[in-house]
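Input: a single structure, listed below in structure tokens.
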Amino acid sequence: MKKFRFSLDTVLDYRQQVQDSLQVELSAITAEVHRQEGAVNTAQQRFMEINQEYREKKAAGLRIADIRGYETALEVQTAVIARELLQLQKLQKQMESKRQELVSAKQDASSVEKLREKKLRAYRKDLEKSEEQFIDDLVGARSANAQGASL
């Protein structure tokens, strides 16, 4: 019997390549999300530092111009935090979208892989049957030869 060949091997290879590509893209987006989370944390930390410094100096006594400067710095830092959080949300949405694409690609590849396994089992079963038939034919031929020789 000839060697097993799955007719959808090229489709399976393609789907696995798509899956691998999506995995790489997801990894890149995940790294970007982590970087952006760091940027948000840094901006929040900077806000707390400015606010702490402002409160300490305010308690010691500040001029109105200095108070305005700190309030402006805090407003700017609040805007930076908002911008960084918005960017983080966009990246998280991209990451979730890419994750869904990857799940879909895995399901596609899995369905073709299961079909391949089913075809391989059927091939092996047919191979086993043909081997059994060959053995039965061989045993039958030998016993026929033995009976013919004994007559």
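All values reported here derive from a predicted model rather than from experimental measurement.
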Flag side-chain contact, heavy atom, 4.5 Å: Ser21 against Val24: no
Any Tyr54 side-chain heavy atom under 4.5 Å of Asp66 side chain: no
So that I can tick it off, tell me whether [Y] and [X] are bridged by a salt bridge, with the cut-off set at under 4.0 angstrom between side-chain N and carboxylate O.
| X | Y | value |
| --- | --- | --- |
| Glu96 | Lys93 | no |
| Lys57 | Glu53 | yes |
| Lys98 | Glu101 | yes |
| Lys114 | Glu117 | no |
| Lys129 | Asp126 | no |

Atom [atom1] of [X] and atom [atom2] of [Y]: how far apart are they, to the nearest 0.5 Å?
| X | Y | atom1 | atom2 | value |
| --- | --- | --- | --- | --- |
| Lys106 | Asp108 | NZ | CG | 12.5 Å |
| Gln94 | Glu25 | CD | CD | 10.5 Å |
| Glu131 | Asp136 | CD | CG | 12.0 Å |
| Tyr70 | Lys58 | OH | NZ | 12.5 Å |
| Arg116 | Ser111 | CZ | OG | 14.0 Å |
| Leu102 | Ser27 | CG | OG | 9.0 Å |

Leu138 atom CG, neighbour heavy-atom count above 12 within 6.0 Å: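 Yes.
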side-chain hydrogen bond (donor to acceptor under 3.5 Å, both in side chains) between Asp20 and Gln16, worked out: CA-CA 6 Å; Asp20 292 344; Gln16 287 174 338; over 6 Å; no
In terms of hydrophobic clustering (I, L, V, M, F, W, Y; side-chain heavy atoms under 4.5 Å; direct or indirect links), are [X] and [Y] co-clustered?
| X | Y | value |
| --- | --- | --- |
| Leu91 | Leu85 | yes |
| Met95 | Leu88 | yes |
| Leu115 | Val11 | yes |
| Val103 | Leu22 | no |
| Ile81 | Leu74 | yes |

Determine all donor-acceptor pairs shorter than 3.5 Å in which one atom belongs to a side chain in residues 42-52; sequence neighbours excluded.
{"unit_1": "Thr42", "atom_1": "OG1", "unit_2": "Gly38", "atom_2": "O", "d": "2.8"}
{"unit_1": "Gln52", "atom_1": "OE1", "unit_2": "Arg55", "atom_2": "NH2", "d": "3.4"}
{"unit_1": "Gln52", "atom_1": "NE2", "unit_2": "Glu56", "atom_2": "OE2", "d": "2.9"}

Over all atoms of both residues, closest heavy-atom pair of Gln19 and Ala109: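 It is OE1-CB, 3.5 Å.
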Do any side-chain atoms of residues 28-35 form donor-acceptor pairs under 3.5 angstrom with protein atoms, and if so which ones, sequence neighbours left out?
{"unit_1": "Thr30", "atom_1": "OG1", "unit_2": "Leu26", "atom_2": "O", "d": "2.7"}
{"unit_1": "Glu32", "atom_1": "OE2", "unit_2": "Arg35", "atom_2": "NE", "d": "3.2"}
{"unit_1": "Glu32", "atom_1": "OE2", "unit_2": "Arg35", "atom_2": "NH2", "d": "3.0"}
{"unit_1": "His34", "atom_1": "ND1", "unit_2": "Glu37", "atom_2": "OE1", "d": "3.3"}

